[in-house]
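Contents: one structure, followed by commentary.
For ligands, and for the atoms within them, numbers begin at 1 and follow the listed sequence. Just so it is clear, the model here is predicted, and its values are computed rather than measured. The basis for the numbers below is simple: all heavy atoms, side chains too, and nothing from hydrogens, waters or symmetry mates.
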Amino acid sequence: MERYDAIIIGFGKGGKTLAAKLGAQGKRVAMIEKDSGMYGGTCINVGCIPSKSLVRSSGIAALHPEKSFEEKAREYKAAIEEKRRLTAALRGKNFSKLDDMEHVTVYNGTASFISNTVVSVKTENETFSLEGEKIFINTGGTPVIPPIEGLVGNPYVYTSAELMDLDILPERLVIIGGGYIGLEFASMYSGFGTKVTILQDGETFLKREDRDMAEAIRSILEERGVEFRLGAKIQKVEAKEGYAETRILWEGAEMLLQSQAVLAAAGRKPNTEGLDAENAGVRRNARGAVIVDDELKTSAPNIWAMGDVTGGLQFTYVSLDDFRIIWSQMNGGDYTRADRKNVPYSVFITPSFSRVGLNEEEARAAGYQVKILKMPAAAIPKAQVLKNPKGLLKAVIDEKTNRILGAMLLCEESYEMINTVKLAMDLEADYRFLGKQIYTHPTMSEAFNDLFGQ
Ligand SMILES: Cc1cc2nc3c(=O)[nH]c(=O)nc-3n(C[C@H](O)[C@H](O)[C@H](O)COP(=O)(O)OP(=O)(O)OC[C@H]3O[C@@H](n4cnc5c(N)ncnc54)[C@H](O)[C@@H]3O)c2cc1C
Ligand SMILES: NC(=O)c1ccc[n+]([C@@H]2O[C@H](COP(=O)([O-])OP(=O)(O)OC[C@H]3O[C@@H](n4cnc5c(N)ncnc54)[C@H](O)[C@@H]3O)[C@@H](O)[C@H]2O)c1
């Protein structure tokens, strides 16, 4: 049996970064990835990067509403091909980066635990065992397919990964779930010319956001032609000749929605099925997530977990920060999850929505006396230059300390701007500090002179 200093299960963001660092230190590392199409993990193959490549292409397509559906369908097909080229190149680079390292071996097989030091690897042709002193679980997440009749095995029902591989632009798309994936895909496909309907089971759209922001997002998407069916009860999805028929109960009436594609975007769950974690003494919670402490240690003393599999925030940069925590421990440092400061996020609709910290409702519920700063995106000259002045910017300030408790930015390039607010919050700066900074011009960031200058 081959023996390693470290076995890493899953080629995700945290795991691949750790493998490269340990390998560079001369440690013997085994990286096990079950899918040869997933070297580099979800982000570069079926997540962030391909979706943002398509968001960009869709943005260009949306500039020409006069084009016919057939022309847009050709542009869409070209965008899918471009996405494939991009992901293939990144996948190859990611693979070689580890495979070329003297001390790192990449195995293409499915890993499961035999004990807390022995892992079984099942490849296409054989099954063998590897022994590892330390083991790191980085198996990511997988889409939740809700228990709706007719979803499983239906040729018109897609996960996000599958839809991004569809060459033919659907004329109509039904999206189950109005979360991150649902919104990004609604914005993206409507930009290409698809008629999109979002089905959201609860009446409250974007539950975690302030109502003014959620409504602003909704009305921007509606202007792009996206239909919202909030509080929809999906009864079944049937495969017909050339299309899917989704039967819903909405506002007391039954409706039939016909579409060439149905996207299941009802959330993602930790990927631990078949891992036999219990053989290693690794405990999981009711959702299947590996339970970890603030140092990302599992219930087995020599096993850690990182990224989506821990059931926390599902972002690539969180998986990377998990790597930092583990790396810190391996090298005598003391960085833990408890030291992690504000974690921003962006939803790549057009224009993008980005947030960091508390929203108004949360801040008031937490007992803060708050001052609310707001401005419309239309007041930002750069938004006019970019020909998309839609949106709303909002900040929540603690009246006692003048510190920023949170910010919500719905405007072009908010995904860049939010990182500046995060930094100011981490440094516990007075909000007026951002209000009187010199920003380059014309940029979206100079909106902070107005937003935080109030
Ligand atoms: C459509 C979409 C868009 C997204 N957009 C963004 C975005 O814009 N920004 C952002 O920050 N995040 C985004 N995310 C989320 C982000 O992709 C994930 O949070 C991140 O990739 C998770 O990384 P990870 O390190 O946990 O593991 P992953 O990258 O998921 O890697 C896990 C790997 O483990 C492998 N594996 C699983 N089980 C086994 C096993 N038993 N044996 C061997 N290998 C195994 C899998 O094949 C996979 O390659 C998006 C996700 C999706 C689906
Ligand atoms: N820009 C980004 O950073 C980005 C982009 C995409 C995905 N992601 C990550 O991927 C994860 C998964 O995204 P997601 O959008 O699948 O999950 P999500 O949890 O954000 O949203 C799922 C939505 O589906 C709804 N839903 C669930 N069951 C339903 C049903 N039966 N009928 C109708 N609606 C139903 C939920 O109420 C919720 O609104 C996110 O948590 C996020 O971290 C990040």
Ignoring angles and geometry beyond distance, decide whether [X] reaches within less than 3.5 Å of ligand 2 through its nitrogen or oxygen atoms.
X: Ile181; result: yes
X: Arg208; result: no
X: Asp201; result: yes
X: Gly267; result: yes
X: Tyr317; result: no

Give a yes or no on whether a salt bridge exists between [X] and [Y], defined as a side-chain N under 4.0 angstrom from a carboxylate O.
X: Arg28; Y: Glu2; result: yes
X: Asp322; Y: Arg340; result: yes
X: Arg355; Y: Glu362; result: yes
X: Lys83; Y: Asp165; result: yes
X: Glu133; Y: Arg3; result: no

Shortest protein contact, [atom] (heavy atom only):
atom: atom 9 (C) of ligand 2; value: Gln314 O, 3.5 Å
atom: atom 34 (O) of ligand 1; value: Gly10 CA, 3.2 Å
atom: atom 40 (C) of ligand 1; value: Ala111 N, 3.8 Å
atom: atom 31 (O) of ligand 1; value: Gly12 CA, 3.4 Å
atom: atom 51 (C) of ligand 1; value: Gly47 CA, 4.0 Å
atom: atom 32 (C) of ligand 1; value: Asn138 O, 3.2 Å
atom: atom 15 (C) of ligand 1; value: Gln314 O, 3.6 Å
atom: atom 21 (O) of ligand 2; value: Gly179 CA, 3.3 Å
atom: atom 25 (O) of ligand 1; value: Ser319 OG, 2.6 Å
atom: atom 10 (O) of ligand 2; value: Arg268 CD, 3.9 Å

Side chain, backbone, both or neither: which part of [X] has a heavy atom under 4.0 Å from ligand 2?
X: Leu183; answer: neither
X: Ala266; answer: both
X: Ser51; answer: neither

(request) Could you tell me whether ligand 1 has any atom less than 4.0 Å away from a heavy atom of Gly109? (result) yes
(request) Could you tell me if any non-hydrogen atom of Thr142 lies under 4.0 Å from any atom of ligand 1? (result) no
Using heavy-atom distances, let me know which of [options] sits nearest [atom].
atom: atom 38 (C) of ligand 2; options: Lys233, Gln200, Glu184; value: Gln200
atom: atom 18 (C) of ligand 1; options: Thr17, Asp308, Leu275; value: Asp308
atom: atom 35 (C) of ligand 1; options: Met38, Glu33, Lys16, Lys52; value: Glu33

Tell me the contacting part of [X] for ligand 1: side chain, backbone, both, or neither, using a 4.0 Å heavy-atom threshold, strictly below.
X: Cys48; answer: both
X: Asn45; answer: neither
X: Tyr180; answer: neither
X: Thr42; answer: both
X: Cys43; answer: both
X: Ile9; answer: side chain

For [X], atoms of ligand 2 separated by under 4.0 Å from a heavy atom:
X: Ile234; result: 32 (N)
X: Ser346; result: 1 (N), 2 (C), 3 (O)
X: Leu199; result: 33 (C), 34 (N)
X: Pro146; result: 31 (N)
X: Phe348; result: 1 (N)

Would [X] count as a polar contact of ligand 1, with the cut-off being nitrogen or oxygen pairs under 3.5 Å?
X: Gly41; value: no
X: Arg268; value: no
X: Tyr317; value: no
X: Glu184; value: no
X: Lys13; value: yes
X: Phe315; value: yes
X: Lys34; value: yes

(message) With heavy-atom distances below 4.5 Å as the criterion, would you say the side chains of Glu416 and Ser445 are in contact?
(response)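 A side-chain contact is absent here, since even the closest heavy-atom pair is not under 4.5 Å.
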(request) Kindly say whether Phe348 contributes a backbone atom to a donor-acceptor pair with the side chain of Glu184 at under 3.5 angstrom? (result)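 Yes, the answer is positive, given that a donor and an acceptor are paired below the 3.5 Å cut-off.
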(message) Glu81 and salt bridge (charged side-chain N to carboxylate O under 4.0 Å, His left out): which single residue from Arg84, Lys77, Arg85 fits?
(response)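 Among Arg84, Lys77, Arg85, the one meeting salt bridge (charged side-chain N to carboxylate O under 4.0 Å, His left out) with Glu81 is Lys77.
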(request) Evaluate whether atom NZ of Lys97 has more than 12 neighbouring non-hydrogen atoms of other residues, nucleotides or ligands under 6.0 angstrom away. (result)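 Result for NZ/Lys97: open.
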(message) Other residues, nucleotides and ligands only: do more than 12 of their heavy atoms fall within 6.0 Å of CD1 on Ile114?
(response)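 More than 12 within 6.0 Å, yes.
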(message) If we only consider heavy atoms of Tyr345, is any one of them less than 4.0 Å away from an atom in ligand 2?
(response)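 The answer is no, since Tyr345 has no heavy atom less than 4.0 Å from ligand 2.
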(message) With the threshold set at under 4.0 angstrom, would you say Gly202 reaches ligand 2 through any of its heavy atoms?
(response)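 No; Gly202 lies far enough from ligand 2 that no heavy-atom distance drops under 4.0 Å.
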(request) With rounding to the nearest 0.5 Å, note down the distance linking CZ in Phe353 to CD in Glu209. (result) 4.0 Å
(request) If the plane angle is over 60° it's perpendicular, under 30° parallel, otherwise tilted; pick one for Tyr180 and Tyr345. (result) perpendicular
(message) Can you tell me how the ring of Phe95 sits relative to the ring of Tyr39, calling it parallel under 30°, perpendicular over 60° and tilted otherwise?
(response) tilted
